[in-house]
Amino acid sequence: MNFNEELICWYRKHKRDLPWRDNRDAYRIWLSEIILQQTRVEQGMPYFYKFLDAFPRVEAFAAASEDEVLRLWQGLGYYSRGRNMLKTARKVVADFEGIFPDNYDDLLKLVGIGDYTAAAIASFAGGQAKAVVDGNVYRFLSRYFGIATPINSTAGKKEFQAVADELLDAHNPGEHNQAMIEFGALQCKPKNPDCSVCPFMAGCYAYHHNAVDTLPKKVRKLKIKERYFLYHLIKNQYGELVIKRRPNTDIWAGLYDMPVFEHSETDDPVVIAVQVHKVFKKVYPLSPVSAPVKHILTHQRLFVRFIEHQVLKEDVVLQNGWMWVNAADLAQYGMPKIIFDFLKKVIN
DNA sequence: TAATCGTGGGG
DNA sequence: TCCCCAAGATT
């Protein structure tokens, strides 16, 4: 058997039974592909069902509000994916008569769909001969062919795409692509792959050169920034609290949260709290500042603290989008996971 | 183009 | 505890 025959053989024997697999519905595949960007299958699965249930067809998605989409997306991270999906759903309804595109060039015009996702939908749904290169494929190709070019460099992206293009089975691109991805996910895993049962052991560069643990190469990532957030839980006598939709820039764009002061590490949170206290005209009972909760992101470390203010609704004039929301209704708003989890604990 | 965008699991 | 990184895209 040649490489591709071996790959398909392995795939048919080992592939997982996934709800978006083995169909050619571009909308359904699109849903899964966006959700699975930088996201593990186990983490994305419940969201796939949630979105398919809420929006069985692209028309339903297009009719949703951005707040509704972000609420459904809550907890999945990379929220721009959700906002971009809504734009794309509306464009598909407006410009494609509600028929989700399944060819590469049309797909690339849709926001939130890049090289990988366009190739995935085009090959899975449209049967088009476009090779996908995702993290799994990078790893597999890098190890098997012994390619040490960093996968997150411009040169690396070009080189790996070319290798994948060359390898693609143009007569069976959808299954070939899924097999490449699945092989990287299940067999050629990032950590501790079991090479003893690998069908490609004989031809694998990394296996024979003791490089499985060092490939693929990646250029060093930048240093992590630290940010310090002091959140204010402003509650009134009616069990309401102050929230606002975040701007479309910075972290958690478009989600809702409470008034927050960002400060530097050297700032003493107690001092900050006193300063904040002066912002309010009257002297209110002030809860102690909570211990910082560490929140580790890919490129940031957030240290989030909370302080509570009990106020009289009549004494506070809200403007600039700030609003009172009943604590019981918080679930209707899309909020950052760490904020929502904290509120759930505090409110109950 | 390099930086940015979340959350969760595993070594 | 800390670091990696996962079905990437955007600006």
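Side chains are part of it too, since the values below use all heavy atoms of this structure and drop only hydrogens, waters and symmetry mates.
Distance CD (A:Q37) to P (B:dT4): 20 Å, rounded to an integer number of Å. We find that NZ of A:K218 is positioned 9 Å from C1' of C:dA6, with the value rounded to whole Å. The interatomic distance linking A:L107 (CG) with C:dA7 (P) rounds to 21 Å, in whole Å. When the C1' atom of C:dC2 is taken as reference, atom CD of A:Q300 falls 18 Å away, rounded to whole Å. In this entry the distance linking NE2 of A:H299 with C1' of C:dA9 reads 13 Å, nearest Å. Remark: P of C:dA6 and CD of A:E33 are 15 Å apart, rounded to the nearest angstrom. Between A:K130 atom NZ and C:dA7 atom C1' the separation is 19 Å, expressed in whole Å. For the pair A:I34 CD1 and B:dC5 C1', the computed distance is 14 Å after rounding to whole Å.
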Polar atoms only, N or O, under 3.5 Å: list the protein pairs with nucleotides 7-11 of chain B and their distances.
unit_1 : atom_1 : unit_2 : atom_2 : d
B:dT7  : OP1    : A:Y79  : OH     : 3.0
B:dT7  : OP1    : A:K337 : N      : 2.8
B:dT7  : OP2    : A:W252 : NE1    : 3.4
B:dT7  : OP2    : A:H295 : NE2    : 2.6
B:dT7  : O4     : A:T298 : OG1    : 3.2
B:dG8  : OP1    : A:K337 : NZ     : 3.3
B:dG8  : N2     : A:R40  : NE     : 3.4
B:dG8  : N2     : A:R40  : NH2    : 2.8

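Within residues 114-121 of chain A, the residues that have a heavy atom under 4.0 Å from DNA chain C are, in order of number, A:G114, A:D115, A:Y116, A:T117. Scanning residues 3-32 of chain A for heavy-atom distances under 4.0 Å to DNA chain C yields A:L18, A:W20, A:R21.
Residues forming a side-chain hydrogen bond (donor to acceptor under 3.5 Å, both in side chains) with A:S32 (at least two apart in sequence, or on another chain): none. Qualifying side-chain hydrogen bond (donor to acceptor under 3.5 Å, both in side chains) partners for A:K217, counting only residues two or more places apart in sequence or in other chains: none. Among residues two or more places apart in sequence or in another chain, the side-chain hydrogen bond (donor to acceptor under 3.5 Å, both in side chains) test is passed with A:K15 by A:D22. Under the side-chain hydrogen bond (donor to acceptor under 3.5 Å, both in side chains) criterion, A:N236 pairs with A:E240, not counting sequence neighbours.
A:K109 and A:D95 are not joined by a salt bridge, as no carboxylate oxygen comes within less than 4.0 angstrom of a charged side-chain nitrogen. A salt bridge links A:R57 with A:E59: the distance from a Lys NZ or Arg NE/NH1/NH2 to an Asp or Glu carboxylate oxygen falls below 4.0 Å.
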Side-chain donor-acceptor contacts of residues 60-68 of chain A below 3.5 Å, not counting sequence neighbours, with atom names and distances?
unit_1 : atom_1 : unit_2 : atom_2 : d
A:S65  : OG     : A:E68  : N      : 3.1
A:E66  : OE2    : A:R245 : NH2    : 2.7
A:D67  : OD1    : A:R245 : NE     : 3.3
A:D67  : OD2    : A:Y256 : OH     : 2.8

Please report, to 0.1 Å, the donor-acceptor pairs under 3.5 Å made by any side chain of residues 110-120 of chain A, with sequence neighbours excluded.
unit_1 : atom_1 : unit_2 : atom_2 : d
A:D115 : OD1    : A:Y104 : OH     : 2.9
A:Y116 : OH     : A:E33  : OE1    : 2.9
A:T117 : OG1    : A:Q37  : NE2    : 3.0

Counting only pairs under 3.5 Å, give me each side-chain donor-acceptor contact of residues 180-190 of chain A, with atom names and distances, residues two or more places apart or in other chains.
unit_1 : atom_1 : unit_2 : atom_2 : d
A:E182 : OE1    : A:R16  : NE     : 3.4
A:E182 : OE1    : A:R16  : NH2    : 2.7
A:E182 : OE1    : A:R21  : NH2    : 3.2
A:E182 : OE2    : A:R16  : N      : 2.9
A:E182 : OE2    : A:R16  : NE     : 2.9
A:E182 : OE2    : A:R21  : NH1    : 3.1
A:Q187 : NE2    : A:D194 : O      : 2.9

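Grouped with A:Y228 in one hydrophobic cluster are A:F303, the linkage being side-chain heavy-atom contacts under 4.5 Å among Ile, Leu, Val, Met, Phe, Trp and Tyr residues. Other cluster members for A:M201: A:Y207, joined by side-chain heavy-atom distances under 4.5 Å among Ile, Leu, Val, Met, Phe, Trp and Tyr.
Across the C1' atoms, C:dA6 and B:dT1 are found 23 Å apart, a figure rounded to whole Å. C:dA9 and B:dG8 have their P atoms separated by 22 Å, with the value rounded to a whole Å. Between B:dT4 and C:dA7, the distance separating the two P atoms is 24 Å to the nearest Å.
Looking at heavy-atom distances under 4.0 Å, A:V41 makes no contact with the nucleic acid at all. Within 4.0 Å (heavy atoms only), A:K294 reaches sugar-phosphate atoms of the nucleic acid but no base atom. Contact annotation for A:T39: base contact, defined as any heavy-atom pair under 4.0 Å involving a base atom.
If you check the side chains of A:D169 and A:N172, you find no donor sitting under 3.5 Å from an acceptor.
Closest approach to the A:N84 side chain among C:dG8, B:dG6, C:dT10 is made by C:dT10 (side chain taken as heavy atoms from C-beta onward).
Here A:R81 does not reach the OP1 or OP2 of C:dT10: none of its side-chain N or O atoms lies under 4.0 Å away.
Remark on DNA chain C: of its neighbouring residues A:F124 and A:K157, the 5'-side contact belongs to A:F124, judged by nearest-heavy-atom nucleotide.
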